[in-house]
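These numbers were taken from a predicted model, which means no experiment stands behind them. Proteins get letters first, then strands, A, B, ... in listed order; numbering begins at 1 in each.
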Number of protein chains: 4
Amino acid sequence: MPTAPTRILFIGDLVGGLGRRTLLGLLPGLRAAHAPTFVVVNGENVAGGLGITPKIADELFAAGVDVITLGNHTYHRREIYPYLDDHDAILRPANYLATQPGHGHCVVERDGVRLGVVNLSGNVFLRAGRPAFTEVDSILGRLEGKADLVLVDIHAEATSEKVALGWYLDGEVTAVVGTHTHVPTADLRVLPKGTAYITDVGMTGPRGGVIGVKKEQAIESLRTMMNVRFDTSEEDPWLMGVLVTADPDRPGRALSIEQLLVPWDGTAPAAD
Amino acid sequence: MPTAPTRILFIGDLVGGLGRRTLLGLLPGLRAAHAPTFVVVNGENVAGGLGITPKIADELFAAGVDVITLGNHTYHRREIYPYLDDHDAILRPANYLATQPGHGHCVVERDGVRLGVVNLSGNVFLRAGRPAFTEVDSILGRLEGKADLVLVDIHAEATSEKVALGWYLDGEVTAVVGTHTHVPTADLRVLPKGTAYITDVGMTGPRGGVIGVKKEQAIESLRTMMNVRFDTSEEDPWLMGVLVTADPDRPGRALSIEQLLVPWDGTAPAAD
Amino acid sequence: MPTAPTRILFIGDLVGGLGRRTLLGLLPGLRAAHAPTFVVVNGENVAGGLGITPKIADELFAAGVDVITLGNHTYHRREIYPYLDDHDAILRPANYLATQPGHGHCVVERDGVRLGVVNLSGNVFLRAGRPAFTEVDSILGRLEGKADLVLVDIHAEATSEKVALGWYLDGEVTAVVGTHTHVPTADLRVLPKGTAYITDVGMTGPRGGVIGVKKEQAIESLRTMMNVRFDTSEEDPWLMGVLVTADPDRPGRALSIEQLLVPWDGTAPAAD
Amino acid sequence: MPTAPTRILFIGDLVGGLGRRTLLGLLPGLRAAHAPTFVVVNGENVAGGLGITPKIADELFAAGVDVITLGNHTYHRREIYPYLDDHDAILRPANYLATQPGHGHCVVERDGVRLGVVNLSGNVFLRAGRPAFTEVDSILGRLEGKADLVLVDIHAEATSEKVALGWYLDGEVTAVVGTHTHVPTADLRVLPKGTAYITDVGMTGPRGGVIGVKKEQAIESLRTMMNVRFDTSEEDPWLMGVLVTADPDRPGRALSIEQLLVPWDGTAPAAD
Ligand SMILES: [Fe+2]
Ligand SMILES: [Fe+2]
Ligand SMILES: [Fe+2]
Ligand SMILES: [Fe+2]
Ligand SMILES: [Fe+2]
Ligand SMILES: [Fe+2]
Ligand SMILES: [Fe+2]
Ligand SMILES: [Fe+2]
């Protein structure tokens, strides 16, 4: 049994090489400051803005990331398909079809604590083979007795789906954290029955763009309604995440959720 | 010329009778604490969750609201149509068709300061007759020389549209504030050229529901995929807004933007 | 074994009371002319344009309709929910959730021939809990050995989904007939492996409206972008359907598919 | 004044090289059989399934096509942008933004008859800067006195928009023909006030695919919900179009509309 409370650091969608470098640059300092037991990262935009590659996933795991979650851009890169099947700790939404590469939940263990992570996709404005709300019931059933804490990443556009899922799982899991919009929300809190909740964690990468894209290109696209090439912005890198602290007195529940919005000055950490 | 800096209090979508009462209950205290020159309120959900009526609009104006903005639920109540045409200070999105009731911008004056307010609808996932980005150019042209400060309420679902509009108008207006998702975002700041920005201000009303709806009903709807009657939640009222302070040294620009997330204890203010 | 070839008369979405009367008025003549073994009718719009009631379903069955299929308007009327569970021969899309009222396939028998009917919903632009393409595999497995002929009603908006389903099931079922757009298509044919196909059968009801709605109201809605009340048109009733003839030499396959586009003069049939 | 009635041959979306070859292969025979005064072709999918190039447009005009209309794939190929501005007789939807390349209507003259052609995009499920219904009013105003006949190509997904536009323009133009779904409809007729109408003309190209795409790829995409590469099918080429005959007794109105669904045997016409 751990003497310090268990902490989960969850970091929002890494966008492009800048997002990856921002994470790698800031993670040692965040570890020193917050001593997270687990680090979970959404990586659906890390490969040039769309998808993820085996090389990048390996790099993230090597940097100490425990679990990578994904979202609607999961399958942008074909080379990740077998990797998704072969590696337990990288997840695509659980409510995708069983025949799609990969799987949607896993359990990782650190310091004698077992963390279950579940990745879900919203069904409004997004394409997922099964409904999130019924799928999560089934997965929580399968996780029963196998995880001490459970974190759910709900990757969705509509605030209604995310807020409702938070209420639905209040008291059932340790945390429900939203991703996908790339904008952090100001509604984080521990819900009445002990589940930490936030509608969107935000993204990690160029805050100086438009949810990751060069701002000039995003504006031109919206102004002209023409096809515009989108590149990843390189301006103003920030890491956006939350730190969830487990409640030592209530198994599987959260004591607190704190928001981490951290600019990166571009300095890589000293080699350890 | 005002001696104190001009402040604009903008308050997110009032939801139902509880949203209205929360505003009326908290406004005197907010006035006392922040001395806003102008109060602007989004009222698209104030009549039972959908739309607004003349009676409620009158009540809001009587309480000292300077401008009411609206959104996709503008036309839910037929009795508001002539009111929208007859009253300058209630706005529906400017990029709706010219033939639709009402208008999309106005100028109000307090203490010798003229505030232009523009209401826009996003075009992604929402139905608006004209594109927001070209419409706003035309309206800002018409406001030139007629307003000292300009606030834009961009009522939209997609974060990309709102963030891009903020960048597009940076240096052109005093503030770009987003509405519609009913969840406040944690990205408020003054952009480099002096425009205050936030992706979503949030809502004013029952935080204990799902973006305004009773949480049990919202969950049932998502779990069962059946038609479920939606009622306005009555749980846990909060006011959500932002306070924009004009920059005394840079005409038309913002000095700061602060977030107001205020629970209401249900006490009506003492009669003044 | 039947001496005459088995024929299935499939009739597109009945719209409103006029659609119901058109069917009842024309069915005796169609029976006389074509001697269909089975009559299958899509009834998702028969109750005032939206949904169906037990009373109307009873009336259709009493008139000799063998199976009623439905679609996205299935659950508009609450009173039909228990009826959907209690009656085998009224179907809602099979790829809705198992928890939703009703079921998605049935087998009916006439003259010693067993007809399986499957109702599916498209997944593009429409909300269905499961994908049509995987669901249909599972249902055809369950029907194996239990039906001599199988007809699939794919209720969908996108032509791509419907055409693809026709190709996918070619050689597997007797007929794939599309519904939902209310406009009959001119692409009916027997596909190479023996499955009769049409992208959309059309509707039965007021051809003088806009897919069932009074044309003045539909035009006003599109021109003004305002909320307009929709009533069912009463102009120019037509019955739209197809007649599928089973191939006596190839079990479960179709010999032909013919289009029936029949105006109704408003005369009820003489009592039999 | 022409002695024979004026006829307009309108041909639905050419899909890929096969679509182009099918048109070129069949056009001489269609000219011989029907003596159309004007030939109008939708070319939005002619360049490998998406868009059009200057070279192909030149080839179509050289083959005697009078006007090319387009749709949602107009801007897929960048090299067409200046061509759209420089050539009167190639149209993109008129209700796109004025700043987008090209224009949405033109007048061509043959045998002393002036044909106005208008290209519109639907607003439901498709992205167009302005509403079709108000735009068409403005264009018909500009065409007044400048065209003897007017044909409108409404490129749209939803049947409601197309049927409503037909009714809206009945008596105002010679023909309203729908495109985009790639499936021909069986509802063609001359409406009561003299406007020829069809909801969709269909496509010209591989009927053996799924609205133009190889059927195996389309099925795989829908079954697996994975990203699947789409190639243009090469199976079973057909030309789909309509022949509208002007009414010699009612200026600007139609006498008849006939459907042309013609398989192509792959034989190029003898050189003339
Ligand atoms: Fe993302
Ligand atoms: Fe995403
Ligand atoms: Fe709202
Ligand atoms: Fe809204
Ligand atoms: Fe229907
Ligand atoms: Fe339908
Ligand atoms: Fe097309
Ligand atoms: Fe198209």
Side-chain angles (χ1 to χ4, degrees), chain A residues 122-125 131-134 136-137 157-170 178 180-189 191-192 198-203 207-225 230 235-236 238 240 242 259 261, chain B residues 122-125 131-134 136-137 157-170 178 180-189 191-192 198-203 207-225 230 233 235-236 238 240 259 261:
Chain A
N123 295 93
V124 179
F125 307 132
F133 277 70
T134 48
V136 78
D137 284 346
E157 176 78 32
T159 50
S160 56
E161 274 188 301
K162 291 155 124 175
V163 176
L165 191 75
W167 284 120
Y168 181 55
L169 298 181
D170 184 23
H180 177 68
T181 74
H182 292 199
V183 172
T185 57
D187 63 342
L188 71 174
R189 59 169 164 148
L191 296 173
I198 186 169
T199 295
D200 210 295
V201 163
M203 61 174 248
R207 200 187 61 154
V210 171
I211 64 169
V213 169
K214 282 185 180 165
K215 59 178 179 289
E216 297 77 13
Q217 293 173 339
I219 290 169
E220 189 193 344
S221 165
L222 287 161
R223 266 181 65 75
T224 64
M225 299 186 73
F230 280 174
E235 290 184 62
D236 193 18
W238 283 61
M240 302 183 186
V242 290
Q259 193 157 40
L261 301 173
Chain B
N123 295 93
V124 178
F125 308 130
F133 277 71
T134 48
V136 77
D137 284 347
E157 176 78 31
T159 50
S160 55
E161 274 188 301
K162 291 154 124 175
V163 176
L165 191 76
W167 284 120
Y168 181 55
L169 298 181
D170 183 23
H180 178 67
T181 74
H182 291 199
V183 171
T185 57
D187 65 341
L188 71 175
R189 59 171 165 148
L191 295 172
I198 185 168
T199 294
D200 209 294
V201 162
M203 62 175 246
R207 199 187 61 154
V210 171
I211 66 168
V213 169
K214 281 186 180 164
K215 59 176 178 289
E216 297 75 14
Q217 294 173 338
I219 289 169
E220 189 194 343
S221 165
L222 288 160
R223 267 182 64 77
T224 64
M225 300 186 73
F230 281 174
S233 168
E235 291 184 61
D236 193 17
W238 283 61
M240 304 183 186
Q259 194 156 38
L261 302 173

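W167(A) places no side-chain N or O within donor-acceptor distance of the main-chain N or O of E216(B), the cut-off being under 3.5 Å. For T181(A) (side chain) and T159(B) (main-chain N/O), no donor-acceptor pair under 3.5 Å exists by modelled atom type.
Chosen from I211(B), V213(B), T224(B), D200(B), the residue pairing most often with chain A at heavy-atom distances under 4.5 Å is I211(B). Contact tally against chain A (heavy-atom pairs below 4.5 Å) for R207(B), Q259(B), E161(B): the top residue is R207(B). In terms of non-hydrogen atom pairs under 4.5 Å with chain A, the most contact-rich of G209(B), G212(B), A218(B) is G209(B).
Counting all heavy atoms, side chain and backbone alike, R223(B) lies closest to D137(A) at NH1-OD2, 2.5 Å. Residue E157(B) comes nearest to A158(A) through the heavy atom pair OE2-CA, 3.8 Å, listed as atom of the first residue, atom of the second, then distance.
With Y168(A) as the fixed residue, the side chain to side chain contact (heavy atoms under 4.5 Å, CB included) test singles out one of V210(B), I219(B), L222(B): I219(B).
When heavy atoms are compared at a cutoff of 4.5 Å, D170(A) does not approach chain B at all. Only the side chain of L261(A) comes within less than 4.5 Å of a heavy atom in chain B; its backbone stays farther off. Heavy-atom distances place the side chain of M225(B), and not its backbone, under 4.5 Å from chain A.
Contact residues of residues 182-189 of chain B toward chain A are V183(B), P184(B), T185(B), A186(B), D187(B), R189(B) (heavy-atom distance under 4.5 Å).
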